[in-house]
Number of protein chains: 2
Amino acid sequence: MSSKRSVTIEDVARAANVSRQTVSRVINRLPSVSADAKARVEEAIARLGYVPNLAARRMGGARSFLIMAINDRARTIENWAAGRGNDWVDQMLYGGMMACEERGYHMLFELVDTEPTQAAQQMQRILTSLQPDGIILTQPHSENPALAAQLRERARPFVRIGLPNPDIPAVSVHMDEAGAARAAVEHLTALGHADIALLAGDARYRGSLARREGYVAAMRTAGHSPRVEEGDFSYDKAATIAARWFDEGDGPSAIIAENDEMAFAVLREAGRRGIKVPDRLSLLCFEDTPGVRFSVPPLSAIRQPTAEMVAKACDLLIDRAEGKEVEEEVHVLPFELIVRETTGPRRR
Amino acid sequence: MSSKRSVTIEDVARAANVSRQTVSRVINRLPSVSADAKARVEEAIARLGYVPNLAARRMGGARSFLIMAINDRARTIENWAAGRGNDWVDQMLYGGMMACEERGYHMLFELVDTEPTQAAQQMQRILTSLQPDGIILTQPHSENPALAAQLRERARPFVRIGLPNPDIPAVSVHMDEAGAARAAVEHLTALGHADIALLAGDARYRGSLARREGYVAAMRTAGHSPRVEEGDFSYDKAATIAARWFDEGDGPSAIIAENDEMAFAVLREAGRRGIKVPDRLSLLCFEDTPGVRFSVPPLSAIRQPTAEMVAKACDLLIDRAEGKEVEEEVHVLPFELIVRETTGPRRR
DNA sequence: TTGCCCCTTGTGAACGCTCACACATCTGAT
DNA sequence: ATCAGATGTGTGAGCGTTCACAAGGGGCAA
């Protein structure tokens with residue numbers, strides 16, 4: 001029980017009367033082990049309570065059993081410091097940890113700066129000190145070709161979370177943004193809305209582009225004319241736009257906001273003017289964060305499958321680490337349209 | 001740039017014209033290195049872009065540079081699966097990651113089951129596979145003497161997050177629960193309230209006991225009679241209690257709820273009966289979660305310094321790992337009383 | 001019977017670091 | 001002048017795995 005040294009592969013080998021290597025083969029589920037030897041080894045492992053030492057496995061072989069998720073330092077810390085928290089990080093941890101645990105891996109989070117030189121250096125440190133078996137790149141790092149190149153060069157498998165980027169050939173896991181925008185429009189047209197505006201995010205953001213496309217296409221299909229208003233994901237800009245709409249009287253009857261912040265702004269401006277939601281205005285947003293769920297009234301929203309995407313990314317990376325080569329480039333995960341209390345039938 | 005093998009300590013030693021050991025001394029900031037040698041080594045490290053390999057460091061020496069936070073599996077997964085998220089985990093990650101990063105360590109999260117036998121086994125696996133330099137135990141694991149004994153036996157430093165437990169001699173980091181309860185009472189008495197009820201949590205929970213004490217003491221000091229109502233941290237129980245108060249007409253003019261769920265229940269029951277908060281009822285709760293911040297009206301609350309506690313725990317563990325023996329048993333971190341919109345002057 | 005291949009098994013070395021120790025060199029006290 | 005102690009430095013071994021390779025035995029075709 002209280003032995004100083006922990007049980008090693010040697011101990012198991014001795015107990016099972018085989019060699020180190022045979023034990024190793026059993027642990028790693030390699031072929032070429034007789035049923036008899038395998039049984040003896042497994043018995044010995046169970047009896048001695050042997051657990052392989054991760055660091056030693058890394059030293060000897062090629063795997064570290066570590067998957068690394070890279071997030072943007074500035075944005076993440078800012079959210080935390082502001083007391084806003086990071087629902088995104090929480091979701092990532094959920095998906096990643098569960099997926100990794102199931103296969104005997106571990107998930108590590110690391111923050112990397114946006115600035116390219118620093119990013120490269122920090123990535124270098126991470127790669128050589130931890131030697132993760134796989135890397136998960138999130139926005140904005142997932143759009144940085146230099147980082148991708150660096151990983152390629154060092155032969156580190158990585159997966160991008162986000163829409164495919166033509167400049168960065170890599171495995172990408174993402175949500176169907178265009179489809180979600182389409183679903184949003186369809187939900188609203190089904191409620192009788194025709195004048196549906198898209199309070200768009202930043203056009204430099206790949207996801208925003210996809211949403212616009214989906215929105216425009218769906219509006220055309222429904223026979224309505226699209227109305228895209230350029231926001232920038234910020235509360236202030238959205239508030240200005242909403243104010244203009246409400247005050248000039250030509251506001252849409254339904255609004256799709258590309259993120260939660262902008263939806264809050266609309267809700268606030270509407271509230272100030274006594275515009276009841278959803279009686280006189282329907283509002284739906286992308287991003288299903290705690291704020292969205294707890295807002296008053298709770299916002300109808302598109303839920304991004306964050307945990308699922310990260311879990312998928314982990315699975316792909318672990319597959320790769322274990323030698324499975326076949327991999328599709330692009331993996332699309334389903335979104336969810338959650339109807340809460342801010343979308344309702346159009347007032348005639 | 002694209003060398004297959006990464007730069008090792010040998011390479012640095014050769015470049016600086018010293019031995020491995022001298023390089024190692026410089027890396028680990030050990031004494032007994034001449035200024036000259038140190039400078040040469042540092043130059044070589046910078047020039048070659050050397051970064052020590054964590055796994056190898058673990059193999060050679062005693063440290064793994066890993067700090068492990070242990071959370072309860074069932075509770076954590078349940079929160080995640082229910083879409084509630086884990087603000088607690090997010091906060092822990094913040095505090096832990098920042099503290100570890102600063103000192104070259106890494107933070108890993110692991111879920112462990114509540115059931116003692118499983119917990120022991122899982123802990124055993126974690127200890128021998130990762131060999132973390134330190135372990136952070138959170139509720140309910142922090143109250144499990146067997147787990148603490150196991151860690152002691154295996155000589156793994158650990159820190160409990162939570163009030164000291166007489167059965168478990170160990171370093172504990174916690175918040176001043178009693179003080180917070182006192183502050184809550186003082187805030188409310190300052191607003192003119194005298195009939196302040198404590199909607200208590202589960203008395204088997206150590207923190208709840210401390211809060212009761214603080215509450216009772218503060219009430220006595222203020223010359224009011226305490227009124228503790230036994231809840232169990234659940235929404236339903238709290239709703240029942242609140243309903244009784246409101247319907248029987250002998251409700252308090254201010255309520256301190258021991259967690260967010262119970263506060264929501266009170267808010268809901270009050271709302272149903274048209275009891276305006278804070279006009280006719282003041283409400284304050286422990287736990288400053290997203291739901292609390294976004295509720296309507298936003299709840300006045302006691303913020304637990306979660307991130308800070310974990311950061312402190314990490315610091316203590318890293319100190320220990322690096323040989324600093326002196327350690328106080330108990331570390332109290334300040335809470336914060338955040339006054340939002342559910343506490344106001346007593347209506348005369 | 002011989003030869004060949006496959007299946008199973010074992011052996012030494014290597015991974016990149018730190019530990020324990022040994023060895024110089026330099027200082028200052030005897 | 002000699003020795004003890006401090007200071008700087010280097011050497012071999014070892015950490016617990018896996019890798020690369022070699023070797024033994026059985027089956028089957030020639």
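Every chain is numbered from 1, with letters handed out A, B, ... down the list of sequences.
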| query | Any side-chain heavy atom of A:V18 sitting closer than 4.5 Å to one from A:V41? | reply | yes
| request: Calculate the interatomic distance between B:R63 atom CZ and D:dC15 atom C1'; express it in whole Å. | output: 15 Å
| request: Have a look at B:G61 and say if it touches a base, only the backbone sugar-phosphate, or nothing, with a 4.0 Å heavy-atom cut-off. | output: sugar-phosphate
| task | Within residues 45-53 of chain B, find the residues that approach DNA chain D with a heavy atom at under 4.0 Å, and present them sorted by residue number. | result | none
| task | Let me know the distance between CD of A:E10 and C1' of C:dA13, rounded to the nearest Å. | result | 14 Å
| Hey, are B:R57 and B:N28 close enough side-chain-wise for a donor-acceptor pair under 3.5 Å? | yes
| side-chain hydrogen bond (donor to acceptor under 3.5 Å, both in side chains) between A:E78 and A:T76, intermediate numbers included | CA-CA 5 Å; A:E78 191 189 309; A:T76 309; over 6 Å; no
| task | Take the protein atom CD of A:Q131 and the nucleotide atom P of C:dC17, then report the distance between them rounded to whole Å. | result | 9 Å
| Heavy-atom donor-acceptor pair, A:R160 side chain to A:L163 backbone, under 3.5 Å | yes
| request: Could you tell me which non-hydrogen atom of A:R25 sits nearest to which non-hydrogen atom of A:S32, and how far apart they are? | output: CD-O, 4.1 Å
| Can you check whether A:F65's main-chain N or O pairs, donor with acceptor, with A:D133's side chain at less than 3.5 Å? | yes
Listed pairs under 3.5 Å, donor-acceptor, residues 90-100 of chain A side chains, sequence neighbours left out:
from  : atom 1 : to    : atom 2 : distance (Å)
A:D90 : OD1    : B:W80 : NE1    : 2.9
A:D90 : OD2    : B:W80 : NE1    : 3.2
A:D90 : OD2    : B:N86 : N      : 2.9

| Yes or no on side-chain contact (heavy atoms from CB on, under 4.5 Å) for B:Q131 and B:L66, after CA distance, side-chain angles and deciding distance? | CA-CA 8 Å; B:Q131 316 222 186; B:L66 257 29; over 6 Å; no
| task | Can you tell me the distance, in whole Å, between the CG atom of A:L130 and the P atom of C:dC17? | result | 14 Å
Would you tabulate the pairs of protein nitrogen or oxygen atoms and nucleotide nitrogen or oxygen atoms of nucleotides 8-10 of chain D closer than 3.5 angstrom?
from   : atom 1 : to    : atom 2 : distance (Å)
D:dT9  : OP1    : B:S34 : OG     : 2.9
D:dT9  : OP2    : B:S34 : N      : 2.8
D:dT9  : OP2    : B:S34 : OG     : 3.0
D:dT9  : O4     : B:R25 : NH2    : 3.2
D:dG10 : OP2    : B:S19 : N      : 2.8
D:dG10 : OP2    : B:S19 : OG     : 3.2
D:dG10 : OP2    : B:T22 : OG1    : 3.1
D:dG10 : O6     : B:R25 : NH2    : 2.8

| query | If we fit an axis to the first five pairs and another to the last five of the helix from C:dT1-D:dA30 to C:dA29-D:dT2, what angle do they make, to the nearest 10°? | reply | 50°
| field | Rounded distance in Å - CZ (A:R57) to C1' (D:dC15) | value | 16 Å
| query | What is the distance, rounded to the nearest whole Å, between atom CG of B:D11 and atom P of C:dG16? | reply | 9 Å
| note | Tightest non-hydrogen contact, residues A:A15 and A:R47, listed as CB-NH2, 4.0 Å
| note | Those residues at least two apart in sequence (or on a different chain) that pass side chain to side chain contact (heavy atoms under 4.5 Å, CB included) with A:P169 are A:R152
| message | Using whole Å, what does the distance between atom C1' of nucleotide C:dG10 and atom CG of A:L30 come to? | response | 15 Å
I'd like a table of donor-acceptor pairs (distance under 3.5 Å, sequence neighbours excluded) in which one partner is a side-chain atom from residues 305-317 of chain A, with atom names and distances.
from   : atom 1 : to     : atom 2 : distance (Å)
A:E308 : OE2    : A:R303 : NH2    : 2.8
A:D315 : OD1    : A:R103 : NH1    : 3.1

| said: Expressed as a whole number of angstroms, how long is the span from B:R58:CZ to C:dT18:C1'? | reply: 11 Å
| For DNA chain D, whose closest nucleotide is more 5', that of B:M59 or that of A:F65? | B:M59
